[in-house]
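Taking it in order: structure first as structure tokens, then the write-up.
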Amino acid sequence: MRQRLAVGNWKMHGNLPDNLALLDKVAVAAGGLSRAVVAVCVPFPYLAQAQSALTGSKAAWGAQNVSQHRKGAFTGEVSAGMLREFGCRYVLVGHSERRQLFGENDATVALKTAAVLSAGMTPIVCVGETLAEREAGITEEVVGRQLGVVADGIRAEGLQVSILAYEPVWAIGTGKTATPQQAQAVHAYLRDFLGRRDTALAASMPILYGGSVKAANAAELFGMRDVDGGLIGGAALVAEEFIAICQAADG
Ligand code: 13P
């Protein structure tokens, strides 16, 4: 059976007191789940706080970005080794906000994924099409290209210890969730794409859906055959919402 996950992406939100209240609730809730893994990807300055609040609980934590470089004169960047020192298990790579707002391309995303793997953490590789791309009928071409470049970079050995997230750009923060059928269709395409390289890998790869996941729609989305949980933005900042989503992932 494939791993099920609920991963919160806090984006650039939070402050120390609010974080603590949220992290404490997430820690307790994670303890009550039977199979789903719960994680929160927090802004860099809050990693130490997440580590201190979640150590000893069943919840994991991670980062939202990483440098592709190991070390050196890269002002403002954070290396995978540094993230590892703060106990991160997961690192998001290739989030659409990184691609669109910070100019990350497929090649950079592939290098970042490799950097996360070399530091012994799990990359959560994000792919997704824009509204214009969906309307032009090139969703599969776009997500296939995005995944293909990463897959070529890290090969089957790397993919085996990675997680994939499908986040249609038009559904992020818009309240416009993909229908369970729309999500399932792209997830099935991605699994099939991996299956052309390695069938066992395709069968075991967790593929998360992200884009306006809420407590109210999580169970239906996560009930689709190829949807193994969620990558949650806005709703991950509200304890009750996020916990209900984690429970839906636990199924
Ligand atoms: P929302 O859940 O706020 O739409 O964000 C999704 C996302 O980008 C998670 O990485």
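Here the structure is a predicted model, which is why all the values come from computation and not from measurement. Counting convention: from 1, in listed order, for ligands and their atoms alike.
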Got a sec, which pairs hit side-chain hydrogen bond (donor to acceptor under 3.5 Å, both in side chains) with one end in residues 125-135, sequence neighbours left out? E129-R134, E129-Y166, E129-W170, T130-E133, R134-Y166

Where at least one partner belongs to residues 93-105, residue pairs that pass salt bridge (charged side-chain N to carboxylate O under 4.0 Å, His left out), sequence neighbours excluded: K11-E97, R98-E104, R99-D106, E104-K112

Is the shortest side-chain N to carboxylate O distance from R197 to D152 below 4.0 Å? yes

Within the 4.5 Å heavy-atom criterion, are P180 and F222 side-chain neighbours or not? no

One pair per line, please: each N/O atom of ligand 1 matched with every protein N/O atom under 3.5 Å away, atom names first, then the distance to 0.1 Å.
unit_1   : atom_1 : unit_2 : atom_2 : d
ligand 1 : 2 (O)  : S212   : N      : 3.4
ligand 1 : 2 (O)  : G233   : N      : 2.9
ligand 1 : 3 (O)  : G234   : N      : 2.8
ligand 1 : 4 (O)  : G173   : N      : 2.6
ligand 1 : 4 (O)  : S212   : N      : 2.7
ligand 1 : 5 (O)  : K11    : NZ     : 3.2
ligand 1 : 8 (O)  : K11    : NZ     : 2.8
ligand 1 : 8 (O)  : H95    : NE2    : 2.8
ligand 1 : 8 (O)  : E167   : OE1    : 3.4
ligand 1 : 10 (O) : N9     : ND2    : 3.0
ligand 1 : 10 (O) : H95    : NE2    : 3.0
ligand 1 : 10 (O) : E167   : OE1    : 3.2
ligand 1 : 10 (O) : E167   : OE2    : 2.8

Determine all donor-acceptor pairs shorter than 3.5 Å in which one atom belongs to a side chain in residues 26-45; sequence neighbours excluded.
unit_1 : atom_1 : unit_2 : atom_2 : d
S34    : OG     : D250   : OD2    : 3.3
R35    : NE     : D250   : O      : 3.3

Taking atom types as modelled, is there a side-chain donor on E167 or H95 under 3.5 Å from an acceptor on the other? yes

